[in-house]
Amino acid sequence: MYYLCGIKNYFMSKTIAGFSKLNKSEKIDWIIDTYFSNTPNAKTILTQYWNSDEKLQQLHDEFIENTITNYYLPLGVAPNFLINNQLYTIPMAIEESSVVAAASKAAKFWLDRGGFKTSVISTTKIGQVHFIYKGDYNKLQQFFKAVKPKLISDTAAITANMEKRGGGILDIELRDKTEDISGYYQLHASFETLDAMGANFINSCLEQFAKTFKSDALNFDLFSEEERQIDIVMSILSNYVPDCLVRAEVNCHVDDLVEKDTISGRAFAEKFVQAVSIAEKEPYRAVTHNKGIMNGIDAVILATGNDFRAVEAGVHAYAAKNGRYSSLTHAKIENDIFSFWIEVPLALGTVGGLTSLHPLVKLSLEMLGKPSAKELMQIVAVAGLAQNFAALRSLTTTGIQQGHMKMHLMNILNQFEASKEEKAVLTEHFKNNTVSHSAVVDAIENLRANN
Ligand code: MEV
C-alpha cells in the first residue's frame with residue numbers, strides 16, 4: 001500500500017493541467033523542473049536549436065502543439081538521377097549515414113546505362129464512411145441509390161475548386177461488410193485530388209457524405225423506425241492506395257553491369273535476381289529489403305514535406321496485398337537484358353500542407369523543378385528503386401558492412417569529439433583497415449597517446 005502511494009505521488013508530481021495554455025518559456029521551465037533538475041545544460045540544449053530568426057522560429061513552433069525546440073535531421077542531396085531523360089538532384093532528409101551516399105552511387109551507375117524510366121499507373125485515392133445499419137439490405141440499397149446524387153451535390157462547396165482543376169469525387173459505392181461485422185456497411189468513395197495529397201479534401205467530403213446520409217435516412221419512406229437510425233461510426237480517408245500507383249525501372253544488357261568488380265555482369269545479374277526472388281518469397285528478408293527501399297522513399301517524402309507515416313502504412317499493406325508480405329521490387333534477365341523495377345503506391349502532394357510553409361520543403365521542391373504530384377511520385381519511386389539497387393549490389397558482392405561502417409566512422413569519431421586533424425588522419429587510416437567500433441576506439445586512443 002505504501003509502495004503504491006509512492007508510485008501515485010511520483011506520477012502526480014509529473015502530471016500537469018493546462019500545459020498547452022502555458023507559453024513556450026513556461027513549458028520549458030516545467031519540463032526542466034520536472035525532468036532535468038540534475039541536468040544543468042538541459043535548457044541550453046533545448047534553446048541552442050532555436051532559430052535566431054524569430055519569425056522563422058515561430059513558423060516552426062506553430063506547425064504543432066507544445067513545441068519546445070527544433071529537431072534537426074540532415075538534408076542531403078543525391079545528384080545525377082536521370083529520369084525519363086531528365087536530370088534531377090534529389091533532396092533527402094535522413095539520419096542514416098549511408099543512405100544518401102548509396103543513392104548517389106546508384107544514380108551515377110544508371111546515369112551511364114540509360115537512366116531510370118518511370119510511369120504513373122493510376123492516381124485514385126479512397127475514403128470511407130463506416131456505418132451500422134440494422135435492417136433490410138434491399139431497402140438500404142434503394143436508399144443509397146436515391147441519396148447518392150445528393151451526397152455529391154451537398155459537397156459542392158468543398159469540391160468546387162478541385163473540380164475546376166479537373167479533380168473531385170469519382171464515385172461512391174455502398175459496400176456490404178456484414179460478413180465481417182454484424183450490421184456493418186460502408187460508403188466507399190474514390191477521389192482524384194491532382195497535386196494535393198488530398199487528406200483534408202477527402203475527409204471533408206466524407207464527413208459531409210455522413211451528415212447527408214444520416215439525416216436523409218430519417219426521412220426515407222421505405223425505412224422502418226429502426227432502419228432510419230443509421231449509426232455513423234467514422235468517416236476517414238484510407239492510406240491504402242493500391243490505385244495510386246507508380247512504376248520505375250532500369251534496364252541494360254547484362255554485360256553492361258560490370259564495373260570495376262571482379263564478378264562478371266551476367267554472374268552479378270543472376271545473383272541480383274536471386275536476391276530479389278528471395279525477398280519475393282521470404283517475408284523475413286522482404287521486410288528488410290523493403291526497409292531499404294523506404295530509406296530512399298521516406299527521405300524524399302520528408303524533404304518534400306509529405307506524410308511518411310501515410311506512405312509507410314500504404315506501402316507495407318501493398319507489399320502484403322497477395323496475403324503474404326513480399327518484395328516491392330522485382331528483377332529478371334530476358335534475352336540478356338537485365339530489368340529491375342518497382343511498383344509502389346504513393347499518395348503525395350506538391351501543393352497544400354507543409355509544401356507552401358516550410359522553407360526547406362519549398363527549396364527542395366524548387367530543386368526538383370516544382371514537380372506535379374505525378375512527377376514527384378516518379379522521383380520518389382526512383383529513389384526507392386535506386387536505394388534497393390545499391391543495397392542489393394553491396395549485399396551480393398562486398399557485403400553491406402564495408403560501406404556502412406565507412407559511413408558510420410564519422411559518427412564514431414564525432415562521439416569521441418575527434419578534432420578536424422584527428423578525423424583526417426583516421427579517415428585515411430580506415431581507407432585500408434576494417435572499420436569496427438572497437439577498431440576506431442583503439443585507433444583514436446593510439447593517436448591521442450602518441451601525440
Ligand atoms: C539498412 O538501412 C537497409 C538494408 O538492410 C536494406 C537491405 O538489406 O536490403 C541494407
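Keep in mind it's a predicted model, so treat the numbers as computed, not measured. Both ligands and their constituent atoms are indexed starting at 1 by order of listing. Keep in mind that the numbers below use all heavy atoms, side chains included, and drop hydrogens, waters and symmetry copies.
Among protein heavy atoms, atom 8 (O) of ligand 1 sits closest to Arg285 NH1, 2.9 Å. Here the protein heavy atom with the shortest distance to atom 10 (C) of ligand 1 is Ile400 CD1, 3.7 Å. Remark: minimum distance from atom 5 (O) of ligand 1 to any protein heavy atom is reached at Thr288 CG2, 3.5 Å.
Note on ring orientation: taking the six-membered ring where Trp is involved, the planes of Phe389 and Phe272 are tilted (angle from 30° to 60°).
Atoms of ligand 1 lying under 4.0 Å from any heavy atom of His289, numbered from 1 in the order shown and given with element: 9 (O). Within the listing of ligand 1, atoms 1 (C), 2 (O), 3 (C) sit less than 4.0 angstrom from a heavy atom of Asn295. Using a 4.0 Å cut-off to heavy atoms of Leu395, the atoms of ligand 1 that qualify are 7 (C), 8 (O), 9 (O). The contact set between ligand 1 and Lys291, taken as ligand atoms under 4.0 Å from a residue heavy atom, comprises 1 (C), 2 (O). The contact set between ligand 1 and Glu96, taken as ligand atoms under 4.0 Å from a residue heavy atom, comprises 1 (C), 2 (O).
Remark: Lys271 fails to qualify as a cation-pi partner of Phe268 under the 6.0 Å distance and 45° angle criteria applied to the six-membered ring. Geometrically, Lys24 engages Trp50 in a cation-pi contact defined by less than 6.0 Å to the ring centre and at most 45° from the axis.
Ring pair His358/His60: centre-to-centre distance below 6.0 Å. Separation of the Tyr71 and Tyr49 ring centroids does not fall under the 6.0 Å cut-off.
The number of heavy atoms from other shown groups lying within 6.0 Å of NZ (Lys108) does not exceed 12.
In terms of polar-atom proximity, Asn388 is not counted as a contact of ligand 1, lacking any N or O under 3.5 Å from an N or O of the ligand.
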*Going through the checks in order, is the salt bridge (Lys or Arg N to Asp or Glu O under 4.0 Å) test met by Arg448 and Glu422?*
CA-CA 9 Å; Arg448 288 181 178 169; Glu422 286 174 331; 2.8 Å; yes
